[in-house]
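Below is one structure, written out as structure tokens, with a few remarks after it.
Note: hydrogens, waters and symmetry copies are ignored here, and every other heavy atom, side chains too, is used. Sequence positions, counted from 1, serve as the residue numbers for this chain. Only a predicted model underlies this, so the values are computations on that prediction, with no experimental measurement involved.
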Amino acid sequence: MARIDRYLFHCLETLKDIGTPDVFVAGAREPDLLPMLVRVADPIEIPKITDVKDCRVTSGIGNIVACFGSLATIEALERDPRVVSVEASRPSSGYDCRHSVPFVHADKIQNDPQHPEKGDHALVALIDGGIDVLHEAFQDNNNKTRILAIWDQTDPSGPPPTVQGRVLYGTLHSASKIDGYIVAGKVPIGLGRDPRHHGTHVASIAAGQATPKFYGGIAPEAKILVVIPRIKVNPDDPFSIGYSNSHVDALSFIESEANRVKLPVVVNVSLGMNAGAHDGSSNLEAAFDNFSGGGRLPGRVVVKSAGNERGKDGHAQFVMANKSAQVLTWTSHQSHSGPDVVELWFRACDDLKFRLVDPTGGTSPWVEANESKDGTLSSGYRFGMSYDKFHWDNGDSRVLVTISTGQNSSIGPGNWRLDVEAKTVLSDGVVHAWIERDDSRPIRFKNHQREEITLSIPGTARTVITVASVASAIPLQVASYSSYGPTRDERDKPDLAAPGESIHAAKSGTFDDVEAMSGTSMAAPHVSGAIALLLSRQEKLVKTSPASGLKQFNAAQIRAALGQTSQNYNGRSTPSMGYGVLDAERFLKLLV
């Protein structure tokens with residue numbers, strides 16, 4: 001039987017409490033459906049999954065299927081011999097080039113007297129919160145857009161894109177439509193001009209052209225593709241579980257568009273999530289690895305920001321001994337709608353038990369291996385706890401704790417506690433815990449906090465290139481917020497660092513102005529732009545010399561070369577900045 005993520009059942013239980021969300025699949029509302037990822041044994045079985053009751057498949061990457069389904073869908077998939085596992089789609093914790101571009105030596109590539117390179121034979125794809133199509137940074141010298149398309153998953157008005165012969169959802173804005181918006185000087189209300197400014201800023205760092213006020217980005221002539229992900233099922237929902245599905249659908253769309261225009265593509269992802277084992281084993285991480293063919297597919301690369309989780313008390317780590325007890329505490333510092341989600345991961349050879357205690361002293365029953373319990377605490381809050389021994393992703397144990405409002409209007413301030421008792425410990429006894437949070441960050445751990453292993457998922461995937469943030473200055477200093485590696489399975493991450501402090505780039509809502517923003521979201525597009533320069537240079541060589549036997553580079557080659565050509569490379573990785581800070585010039589010269 002297929003393994004089913006207990007989080008799906010908690011979410012379906014919450015639906016009963018709060019009502020039906022609005023979920024748009026192919027432009028139509030579907031009642032009581034939740035997004036999920038399904039891992040099948042063989043990709044050839046993907047089309048057949050659509051026969052499962054209530055299953056609405058949106059896309060597939062390799063053997064990972066993004067779909068929506070009901071409780072009946074989950075029950076059918078659990079019995080289906082073609083299905084390996086079913087996992088909930090999880091929430092996102094989210095959402096001066098003048099100095100940073102020369103700092104990483106990208107200007108020397110752009111202005112090379114013999115082979116100037118600005119990325120015109122590569123595609124930069126962004127999965128982000130939006131883009132201001134009227135900003136001149138995204139136009140060419142003829143005032144035509146360089147944006148091939150925008151897929152806005154959040155706008156149900158349509159028309160939606162078609163991928164793999166399947167009509168998706170949301171609204172597709174083609175290049176011709178975007179050119180029309182530029183001529184009119186305004187955009188549709190549904191698209192807007194990126195009110196959060198984030199996507200506009202990120203896109204311009206990777207691929208923005210210079211304007212009178214903007215210095216220009218790393219690959220200023222690259223083609224641009226944008227996906228605005230539908231992170232939340234409904235803006236009014238007290239929970240959001242759409243990160244995984246929205247991003248797998250986005251990867252399918254990007255792959256389709258890259259094939260259509262016959263260009264290599266680097267995908268920049270600056271949104272991430274906390275929940276998960278942080279070891280590259282989840283369905284979501286597998287989908288990102290599938291996009292690049294496990295790092296082997298030529299011209300298919302994903303870059304992810306490391307995350308801004310350090311100092312946010314979202315990761316805790318403690319050690320259990322035989323017949324010992326520990327207490328893990330977190331605080332809710334403001335009223336919020338919830339739900340609160342905490343995941344704990346540890347070796348399956350350790351036999352532990354867990355009990356939840358609310359701020360009033362109300363307690364849940366003890367939960368032991370392979371048990372799942374839910375109910376209402378004496379305070380009126382609803383809880384769900386499940387303990388999966390030998391989890392299907394990695395063979396370790398996972399304890400999932402969810403807390404929702406239940407009989408209360410909100411989750412109020414107060415301290416929560418998880419009692420942990422050890423029956424038998426046969427490993428080193430290390431237990432990791434992560435809080436899944438939204439932008440308001442209403443809860444945080446009070447004890448056992450650790451800065452390490454705070455990379456946001458899918459930056460922990462095996463072939464994704466993960467980027468930390470530094471200032472554009474010597475001596476190199478990692479930003480105070482930049483998440484630390486390694487991964488939970490002790491792989492070296494992040495891969496490298498790039499400038500992310502006070503980067504002046506395109507400002508949404510203007511035609512050529514800039515603004516300063518900081519974060520690993522600003523660091524990642526420096527690397528994405530540098531990869532676009534490499535892919536573009538190599539694409540020209542491959543096409544102009546077909547008899548030479550030259551091939552486009554893949555993610556595995558690019559990841560290794562980025563680290564080995566960093567400004568401060570010494571052969572060793574650190575949890576803060578990986579193998580060092582980006583040097584775009586040395587990177588290109590090593591490979592082409």
A side-chain contact here means heavy atoms from C-beta on lying under 4.5 Å apart; do [X] and [Y] qualify?
X	Y	value
S482	N308	no
K507	D132	no
C97	H504	no
L191	I228	yes
H198	S521	yes

Notebook entry, point to check: For K589 and T565, what are the C-alpha separation, side-chain angles and deciding distance, and is it a side-chain contact (heavy atoms from CB on, under 4.5 Å)?
Noted result: CA-CA 9 Å; K589 286 185 175 180; T565 57; over 6 Å; no
Checklist line | Interatomic spacing from CZ in F587 to CD1 in I558 - rounded to 0.5 Å | finding: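 F587 CZ to I558 CD1: 5.0 Å, rounded to 0.5 Å.
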If the condition is side-chain hydrogen bond (donor to acceptor under 3.5 Å, both in side chains), which residues does [X] pass it with, not counting sequence neighbours?
X	value
S545	none
S282	E285
H135	none
Q153	none

Donor on one side chain, acceptor on other, [X] and [Y], under 3.5 Å:
X	Y	answer
E87	S244	no
S59	S252	yes
T463	S292	yes
E515	H197	yes
Y569	D583	no
D179	T145	no
N283	R39	yes
S100	H526	yes
K304	S456	yes

Item checked: Residues which pass salt bridge (Lys or Arg N to Asp or Glu O under 4.0 Å) with K108, listed by chain and number, not counting sequence neighbours ->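 So K108 forms a salt bridge (Lys or Arg N to Asp or Glu O under 4.0 Å) with E585.
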Next item on the list: Return the set of residues passing salt bridge (Lys or Arg N to Asp or Glu O under 4.0 Å) with E539 (not counting sequence neighbours), or none when no residue passes.
Entry: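 So E539 forms a salt bridge (Lys or Arg N to Asp or Glu O under 4.0 Å) with K543.
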If we ignore hydrogens and angles and just use 3.5 Å, is the side chain of [X] paired with the main-chain N or O of [Y] as donor and acceptor?
X	Y	answer
D128	G130	no
Q552	L263	no
T50	P47	yes
T466	G459	yes
H201	I503	yes

Notebook entry, point to check: Which heavy-atom pair separates F103 from V581 by the least distance, and what is that distance?
Noted result: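 Heavy atoms of F103 and V581 come nearest at CE2-CG1, 4.1 Å.
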Note to self: Could you walk me through whether V269 and F288 satisfy the side-chain contact (heavy atoms from CB on, under 4.5 Å) test, starting with their C-alpha distance in whole Å, then the side-chain angles of each, then the deciding distance to 0.1 Å, before giving a yes or no?
What the structure shows: CA-CA 11 Å; V269 183; F288 272 85; 3.9 Å; yes
Given [X], which partner from the list [options] fulfils the side chain to side chain contact (heavy atoms under 4.5 Å, CB included) test?
X	options	answer
M577	N568, V467, L496	N568
F138	I182, T200, V133, V226	T200
N268	V202, V301, I205	V202

Notebook entry, point to check: Under the side-chain contact (heavy atoms from CB on, under 4.5 Å) criterion, do R537 and H115 qualify, and how do the steps go?
Noted result: CA-CA 9 Å; R537 173 77 62 82; H115 303 288; 4.0 Å; yes
Next item on the list: Starting from the C-alpha separation in whole Å, work towards a yes-or-no answer on side-chain contact (heavy atoms from CB on, under 4.5 Å) for E501 and V470.
Entry: CA-CA 6 Å; E501 284 280 83; V470 297; over 6 Å; no
Strictly below 4.0 Å, N to O, side chains only: are [X] and [Y] in salt-bridge contact?
X	Y	result
D152	R230	no
R300	E255	yes
K493	D495	yes
E309	K312	no

Check: Which class fits the ring pair Y181 and H173: parallel under 30°, tilted 30 to 60°, perpendicular over 60°?
Finding: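 The arrangement is perpendicular - the two ring planes meet at more than 60°.
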Note to self: Over 60° means perpendicular and under 30° means parallel, so tell me whether Y169 and F68 are parallel, tilted or perpendicular.
What the structure shows: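 Aromatic pair Y169/F68 classed perpendicular.
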Check: If you draw the axis of the six-membered ring of Y484, does the NZ or CZ of R310 fall within 45° of it and under 6.0 Å from the ring centre?
Finding: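 Geometry flag: set, cation within 6.0 Å and 45°.
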Next item on the list: From the options E221, E117, K118, select the one residue that forms a side-chain hydrogen bond (donor to acceptor under 3.5 Å, both in side chains) with S536.
Entry: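 Of all the options given, the one that passes is E117.
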